[in-house]
Protein chains: 2
Amino acid sequence: MKDKREQIIDTAMQLFAQRGFEGTSIRDIAEKASVNVAMVNYYFGTKEKLFEKIVENKSSVTRGLLDEIMNNKDLTHIKKIEAVIDSYIEKLFTHRMFHRLIQQELILNQRENLQSSIVNNFIPNVMIIKSIIESGIKQGDFKKVDIELTIATLTGTINQVLLSKKFCNRLMNKSDDYIPYEDVKFKKRVSAHLKQLMHDHLLNK
Amino acid sequence: MKDKREQIIDTAMQLFAQRGFEGTSIRDIAEKASVNVAMVNYYFGTKEKLFEKIVENKSSVTRGLLDEIMNNKDLTHIKKIEAVIDSYIEKLFTHRMFHRLIQQELILNQRENLQSSIVNNFIPNVMIIKSIIESGIKQGDFKKVDIELTIATLTGTINQVLLSKKFCNRLMNKSDDYIPYEDVKFKKRVSAHLKQLMHDHLLNK
DNA sequence: AACTTAATTAAACGTTTGTTTAATTTAAAC
DNA sequence: GTTTAAATTAAACAAACGTTTAATTAAGTT
């Protein structure tokens, strides 16, 4: 049995991701987490601080993986890009609730500090991918592409299928109750597409 | 001078797009639109109906353009794809407030009917692009790609730079007050990237 | 000019909201 | 077993919310 603090965080993240920050009341959270309403403010002070705590908590987990890929000298440039793709898909699909939450926060222009910290948290990842592509271009493995927009394509494609289940299912001709994100076959399909796309786009032939 | 009904719709769309549906109060809308609070309910009944009216209003405008492209027999397959890209960028950049609004609604899982109608509204566009790519493959102009995910890449890339100004500017190394969506050079850059990407990905060489 | 409908307003209504209080229970320390 | 602090509760609070009401003004019709 998780302790109540954790229970609140987990429940709040789910509800925030589903209904948005303003769309979720503290009473909603408390009820679903089976705790008293006052416990939320007791542990976190305010609703906004709870929100920040969620982002803070999860962000710390998602580091260091891309560094390994970049520094792995056994991999060619294109293999590194492939590893980045798989790492990204795995991470975002697994933590999709949290990912939806911060994407919403990015689109909304409320809470500037939080938005800044989210962006700042993402920039190092961008830089790593950027340096891989730059190196690939320098050494003649890759074509001279628009690096920043190529990164936008990578993340944008994943977001497009990840952020709305309904949209994804209609696009893929699946039924509404199908959950693509838990289907290994679907993950592999997205991975295969992005790898093919990057092969085509990056490699000098 | 616009009439008050229009003024309410325009203001509400802006605020909904910026702050979300629940994050925007009727009083906010009324104040910014310089009308009495009661006018919103007088014209639209409820806040939710106002929201639906906005989506309904705008959706009707955005049709018919892709059909022309598809049926234009002077264009090769790849030229059609290029035309689709430019048409999409133009449309989404111009109506970016509205686009943010419906993207938010897609991510949120509230208001199922509205979500369905948004998805339904988008599917015909998907089908047109799909049929272009299918035809291209059939006639040997295009490679056998993952059609659905290629469409996700097209829309996802645009969304990625369109939905959050702050994210876009940081990715592109621009200052925070720069508004990329009103800069023709930026539009052309996105267009050029997507065309290059689709050339690489689709064309049989 | 009288009448009718539409537009507009300020005020009020009942809920829901985030948060606080004050009292009570549980757990830990001595 | 007594003391002290932490955890938990039900109740209350003020503010903000969407919406309605009832009264007033403006516009259009006969």
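The structure presented is a predicted model; accordingly, all values stated were derived computationally and were not measured. No hydrogens, no waters, no symmetry mates; every other heavy atom, side chains included, goes into these values. A note on names: the letters A, B, ... follow the listed sequences, proteins ahead of strands, and every chain is numbered from 1.
Partners of B/Asp177 under the side chain to side chain donor-acceptor pair (under 3.5 Å) rule, at least two apart in sequence or in another chain, are B/Ser175. In this view, B/Phe21 and B/Phe16, B/Phe51 satisfy the ring-ring contact (aromatic ring centres under 6.0 Å, His included) rule, not counting sequence neighbours. Taking the side chain to side chain donor-acceptor pair (under 3.5 Å) definition, one finds that A/Asn109 meets it with A/Gln115, sequence neighbours left out. Qualifying ring-ring contact (aromatic ring centres under 6.0 Å, His included) partners for B/Phe44, counting only residues two or more places apart in sequence or in other chains: none. Annotation: side chain to side chain donor-acceptor pair (under 3.5 Å) contacts of A/Lys32 (sequence neighbours excluded): A/Gln14. Partners of B/His99 by ring-ring contact (aromatic ring centres under 6.0 Å, His included), not counting sequence neighbours: none found. In this structure, the ring-ring contact (aromatic ring centres under 6.0 Å, His included) partners of A/Phe93, at least two apart in sequence or on a different chain, are A/Tyr181.
B/Lys4 places its NZ atom 17 Å from the P atom of C/dA6, with the value rounded to the nearest Å. Rounded to whole Å, the distance from NZ on A/Lys49 to C1' on C/dT19 is 12 Å. Here the C1' atom of nucleotide C/dA6 and the CZ atom of B/Arg5 are 14 Å apart, to the nearest Å. Computed from coordinates, the B/Phe44 CZ to D/dT20 C1' distance equals 18 Å when rounded to whole Å. The separation between A/Phe51 atom CZ and C/dT17 atom P is 18 Å, rounded to whole Å. Between the CD atom of A/Glu31 and the C1' atom of D/dT9 there is a distance of 16 Å, rounded to whole Å.
Backbone-only contact: A/Tyr43 has heavy atoms under 4.0 Å from sugar-phosphate atoms and none from a base.
Overall, the helix from C/dA1-D/dT30 to C/dC30-D/dG1 carries an axis bend of 10° between its ends, with five pairs at each end and the value rounded to 10°.
Phosphate proximity of D/dA7 to A/Tyr42: present, with a side-chain N or O under 4.0 Å from OP1 or OP2.
Annotation for B/Asn72 and B/Asp74: closest pair OD1-N, 2.9 Å, computed over non-hydrogen atoms.
Side-chain polar atoms of A/His201 and A/Thr153 form no donor-acceptor pair below 3.5 angstrom.
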- Note on the structure: For nucleotides 22-28 of chain D, 5' to 3', base contacts (B), sugar-phosphate-only contacts (S) and non-contacts (-) with protein non-hydrogen atoms under 4.0 Å give -------
- Going 5' to 3' through nucleotides 10-19 of chain D, assign each nucleotide B (protein heavy atom under 4.0 Å from a base atom), S (under 4.0 Å only from sugar-phosphate atoms) or - (no protein heavy atom that close). B-B----BBB
Would you list the atom pairs, donor with acceptor, under 3.5 Å between side chains in residues 77-85 of chain A and any protein atom, with sequence neighbours excluded?
{"from": "A/His77", "atom 1": "ND1", "to": "A/Asp141", "atom 2": "OD2", "distance (Å)": "2.7"}
{"from": "A/His77", "atom 1": "NE2", "to": "A/Ser135", "atom 2": "OG", "distance (Å)": "2.7"}
{"from": "A/Lys80", "atom 1": "NZ", "to": "A/Met70", "atom 2": "O", "distance (Å)": "2.8"}
{"from": "A/Glu82", "atom 1": "OE2", "to": "A/His199", "atom 2": "NE2", "distance (Å)": "2.7"}

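Judged as a ring-ring contact (aromatic ring centres under 6.0 Å, His included), the pairs with a partner in residues 146-178 of chain A (not counting sequence neighbours) are, in order, A/Phe167-B/Phe122.
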